[in-house]
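Notes to accompany the following structure.
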Amino acid sequence: MTDSDTSYRLSRRKFLAAGGAVALAAACGPAAAPSASPSAAATASAAATTALKPLKIGQLLPFTKVYAELGNSMKRSTDLYLKQKGNKLAGRTVAPPIYEDEANDPVVGAQKTQKFIEQDQVDVMMGIVATPIAYAVRNAIDSAKMIFIETNAGGNSLTRDVPNCTPACKSKYIFRSSFSSWQISAPIGEYFATKRGVKEAFTFVADYGFGTESAADFTNSFTKAGGKVTGSLKAPLGSADFLPFVTQLKNQPTKDIYSFFSGTDAINYIKAWNQLGMPAAGYKMNGAGFLTEQDVLKEVKELANGAVTSLFWAVTLDNAENKAFVDAYQKEYNLLPDVFAVQAWDGMNALDLALQAVKGDTSNKDAFIAALENVKFNSPRGAFEFDKVTHNPIQDMYIRQVAVQNGAAVNTIVDKIARVTDPGKPTT
Amino acid sequence: MSPEVAVQQALNGISFGALLFILAAGLSLIFGMMDVVNLAHGAFYMLGAYIALTVVQRTGQFWLGLVLAPLLVGALGLAIEPLLLRRLRGRHLDQVLLTIGISLVIGDLIGLIAGREIRSLPFPAGLDHSVPIMGGDYPVYRLFVIAFGLALAALFAFVHRRSRIGALIRAGVDDAPMLAALGVDIDRLFATTFGVGAALAAVAGVIAAPVFGVFPGMDVDALIYSLIVVVVGGLGTLSGAIAGGALVGPADTFGKVLFPQFALALIFAIVAFVLLLRPTGLLGRVRIVR
Amino acid sequence: MSRVALVALAIAGAAALITFPLWSSGWESSRYATTILRDMLVLGILALSLDLLVGSAGLPSLGHAAFFGTGAYGAAIVAQRVGNDDLLLGLAAAIGASALLALVIGLFAVRAAGIFFLMLTLAFAQMVFALAFQAVDLSGGSNGLAGVHRPQLLGLDFNGPEALFELVASLFVIVVLVLWRVRSSTYGRALIGLRENERRMRALGYDTTRLKLSAFVLAGALAGIGGALSGWSLRYVSTNDVGIERSIEAFVSVLIGGTGTLLGPAIGAVVVLYVERVLPSSIPFAETVLGVLFIVFVALARQGIVGLGRAAYRRARA
């Protein structure tokens, strides 16, 4: 069911258009017709005769509503990358990226995607934080053959073979520079059962797509490796009060709790966990990495100490790229970067290298796709490459533990699961 | 659920209920006195929380924030009433609609000025530890919230008993010219009521911030909770908010844990259930709303 | 203007609207313009249906998106389960689901009036939102319902953006026609009587509760049509479609455009979507602009854009 929309209907039938429709059209015409990006106007006329036109990147990120912080972080990272490269990638000038707000609403995301495709006519689209939005626009992107480097949304289906392509499925045009929720949830399950000798675990997650996927993937791999999940609890997304849930957790015997929460939920959960004296009672907080990412740690500080999570990056990761990245980010913004910034950074890096491989010429989409598939580089997270089949990253998963270093709460690396790649098809 | 756990959850429910009452108090006041559903209530709540956040960031003083936030937000409310609401006096629905616009503006401005990061307010020193209760640790801050809620409820009861003020305002709603003819400055009365309601919302924002967090969209969440409490407890009476909090808090707490599948819908199902039995809420009186 | 001229104008306007993709195809980024206009028409249908409650019957509902989203889910789920993309089946499913929901909620809600009604509708809408979020097997939960097929009718499919737009615009025109007939009928007049003075209507022998309930169900059904169109446009239904933001969007559209008028709510939808979706590309404070606009209209121009237009017209003629 693809759009049969490759041809405009060129025949113009004249109509005696009356006031109403003309007024309506007048309202929409000026809104739709002008080229919104200053770069297009400025550089179109100045286009050199032989050089390629400036590269147009469309970035769909949240700048309002609950995930706004992530969007801002990723914009900072993207802007820094381009600044470092002098706004040129592979010798080709890059126009300032067109940032649009996804506003945590698939309708808005779909409309902005259409804008990128039809009005701005970007060469590459990047971004999307919320999985529902990624799922909603997947088909439009695929039909339009728009190269899309997805830089956050971790819904498993986006890079898998899924029957009926519901809620989504992979596309040759879609690459992901972040992660799949399976990658951050399943390996740690097996790791706990085999390397840590954890026999029983209890899951407590946010009751929405990401949380339930994470719990299912963890349970699956933990059980397969010989562990037993003794029970589960779910909290509505955006729960105001975590005390009732933690009270339940405290009144069951299994000490290892596996959780998925992010943002405000994670902060409130960690605070409630401490208030009810869980650490002293021997309970251990484990989870997928976003539970203790920088956005959470900067608020809860030492309250999360000891929490063990799995993620493909930590701010303390000791490699040359990460040191350089963290230093540059801090110098530019006076802030510590978070994993979202890394994802955006790596997205740009992948774009950069692929452009170099095609000598800046994005007109041959298949060649560009092949170039993207072949990128390999050292990222702040370690060695980065795309899985050629799924277009999801092949990356190391780090087992991290929260500790306070130099006055700031950070994740320290305690172990590593090497070269994790998403299975590419549903596992549960 | 063992009796020990039941008691712990009951305590959780009561403290959540107290938070809900504190949250809804301002909304209940303004509606009870002015017949206006202040849909900017969540925005005032959010503003209070962000002011407290700023104060704590600069001075580390939670209590200073608790004093400053309602003063500033109350002043804002005091200014909004004569500026915007007064011209719509008598047109209750339009006043409600106006507050929607106010909430959009305040919500967006907060985001533009204070940023859209997810923040949290730390518990104030002295209230950030837990005490052993019933075999488990219980956070002192929640006990403080219960105490604060009781104090606020007592204050409401006191004002209600001082029926002259209450009667004055009610009379103003019913027949403003008459009241003015009797020499009462109703303009000042209404402006003050709205200001106090806004201030109460801000107080709730400060008190709830260490528990609920400070983040974009918190105004909508708070508004919905407040409306639930006021509708369930009964519109038109101040004690409605108390009844609403007392019912919704424990019901939501136990419901979430016993019926996790319906946790999100549960709180609204409580609304529907109560309204089925008592259409004007638990303590509501039938009111003529024009 | 004479009756005949008015009718001719209306027909020409409707025709021009429906054929918009054709005569605008020469514009730069005309396809994007079509997309935006399409979204405006969909929100317009929701706003128009809401105004049946707000403008005619005087029932301020802040939970109207519940019916919009339910229509969207209804059309999509039935088509998927039955395996049939027929347009009429989809519309029937959408209208059936939303009307049924409106009946159930309406039975509770119409016992209240004014502010009470406002809060009740809000609470029920949030319940629908929660259910849509939880019923993952049915609605896709937070991940949304994907794989929604665009409908087809007698072999003609609406997959292409132009054809889909023509479908949306046609249904928009039909909804306007329905509302026009309702408003000028005795039923419609009774609704307005309800808004002006319910007690008098009861004294005149009207069963006001039944009147309110029927308006509620009709408004819900029309909103459901909008929802189905939304699902088909995006090929996706999300929980946002039953969410409070969508309800507020519709409400703001009604107010700004002009409540109690035929086209006011649709005009309001155009303005609201312009401010919410097009303006943010240029300025970061679009929501503030919307809020201020809303305040200005409520406080100073309560009759909305249509009201302002009428006043200007009258002044011009005087």
Side-chain angles (χ1 to χ4, degrees), chain A residues 62-73 101 103-104 204-205 207-208 232-252 262-281 293 295-296 298-301 303 335 338, chain B residues 1-2 4-5 8-9 11-13 15-16 19-20 23 107-108 111-112 115-123 128-130 132 135-142 208 210-218 220-222 225 249-250 252-258 260-267:
Chain A
F63 294 109
T64 56
K65 309 270 184 334
V66 67
Y67 297 124
E69 187 174 350
L70 279 62
N72 285 327
S73 171
D101 183 6
N104 205 25
F204 174 46
V205 298
D207 195 359
Y208 77 121
S232 69
L233 203 56
K234 287 199 258 206
L237 187 65
S239 273
D241 190 4
F242 274 82
L243 275 189
F245 298 108
V246 181
T247 303
Q248 292 296 111
L249 290 178
K250 198 170 183 200
N251 283 290
Q252 56 83 34
S262 67
T264 306
D265 282 348
I267 294 172
N268 292 343
Y269 172 44
I270 291 171
K271 285 170 102 162
W273 176 277
N274 279 273
Q275 285 188 310
L276 291 183
M278 294 290 270
E293 242 318 275
D295 58 326
V296 173
K298 76 177 191 310
E299 297 299 321
V300 300
K301 306 197 175 69
L303 292 179
L335 291 166
D338 51 31
Chain B
M1 195 182 281
S2 76
E4 259 183 6
V5 181
Q8 287 168 5
Q9 295 291 26
L11 206 51
N12 288 333
S15 71
F16 186 51
L19 264 172
L20 289 178
L23 179 57
D108 200 34
L112 288 166
R116 302 184 201 264
E117 290 177 353
I118 291 174
R119 311 299 313 271
S120 180
L121 206 58
F123 295 106
D128 56 358
H129 58 286
S130 302
D137 291 333
Y138 203 75
V140 169
Y141 192 77
R142 291 298 184 107
V211 180
F212 293 167
V214 182
F215 53 94
M218 62 188 284
V220 178
D221 290 356
Y225 271 122
D252 183 58
T253 296
F254 277 99
K256 277 200 290 235
V257 174
L258 294 174
Q261 286 92 321
F262 306 113
L264 202 59
L266 189 78
I267 199 168

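Residue numbers begin at 1 in each chain, while the letters A, B, ... track the order of the sequences.
Ranked by heavy-atom pairs shorter than 4.5 Å toward chain A, the options B/S120, B/G13, B/P216 are led by B/S120. Across B/G111, B/S15, B/P139, the residue that shares the most heavy-atom pairs under 4.5 angstrom with chain A is B/P139. Put simply, of A/T264, A/V300, A/V66, A/N274, the one with the most heavy-atom pairs under 4.5 Å next to chain B is A/T264. The candidate with the highest count of non-hydrogen atom pairs below 4.5 Å against chain B, out of A/L233, A/T64, A/D207, is A/T64. Contact count versus chain B (heavy atoms, under 4.5 Å) is highest, among A/P236, A/A280, A/A235, for A/P236.
Heavy-atom distances place the side chain of A/K271, and not its backbone, under 4.5 Å from chain B. In this structure, chain A has no heavy atom under 4.5 Å from any part of B/L11. The contact between B/Y225 and chain A is made entirely by side chain atoms (from C-beta outward), counting heavy-atom distances below 4.5 Å. In this structure, the portion of A/F63 lying under 4.5 Å from any heavy atom of chain B is its backbone and not its side chain.
The structure places CD1 of A/I267 at 6.0 Å from CD1 of B/I118, a figure rounded to the nearest 0.5 Å. Remark: A/K298 NZ to B/R119 CZ distance equals 5.5 Å, nearest 0.5 Å. For the atom pair B/D137 CG and A/K250 NZ, the distance stands at 4.5 Å (nearest 0.5 Å). In this structure, CD in A/E299 is found 12.5 Å from CZ in B/F215, a value given to the nearest 0.5 Å.
A donor-acceptor pair under 3.5 Å links the side-chain atoms of B/S130 to the main chain of A/Q275, judged by distance alone.
Annotation: B/F262, atom CZ; neighbour count of heavy atoms from other residues, nucleotides and ligands within 6.0 Å does not exceed 12.
Considering every non-hydrogen atom in both A/A240 and B/F212, the closest pair reads O-CD2, 3.3 Å. Residues B/Q9 and A/P244 approach most closely at NE2-O, 2.9 Å, considering heavy atoms. Between B/R116 and A/A68 the shortest heavy-atom distance is CB-CB, 3.4 Å.
A salt bridge is defined here as a Lys NZ or Arg NE, NH1 or NH2 lying under 4.0 Å from an Asp or Glu carboxylate O, and A/D241 with B/R142 meets this definition.
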### Message
side-chain hydrogen bond (donor to acceptor under 3.5 Å, both in side chains) for B/S2 and A/N251? Distances and angles first, verdict last.
### Response
CA-CA 9 Å; B/S2 76; A/N251 283 290; 5.3 Å; no
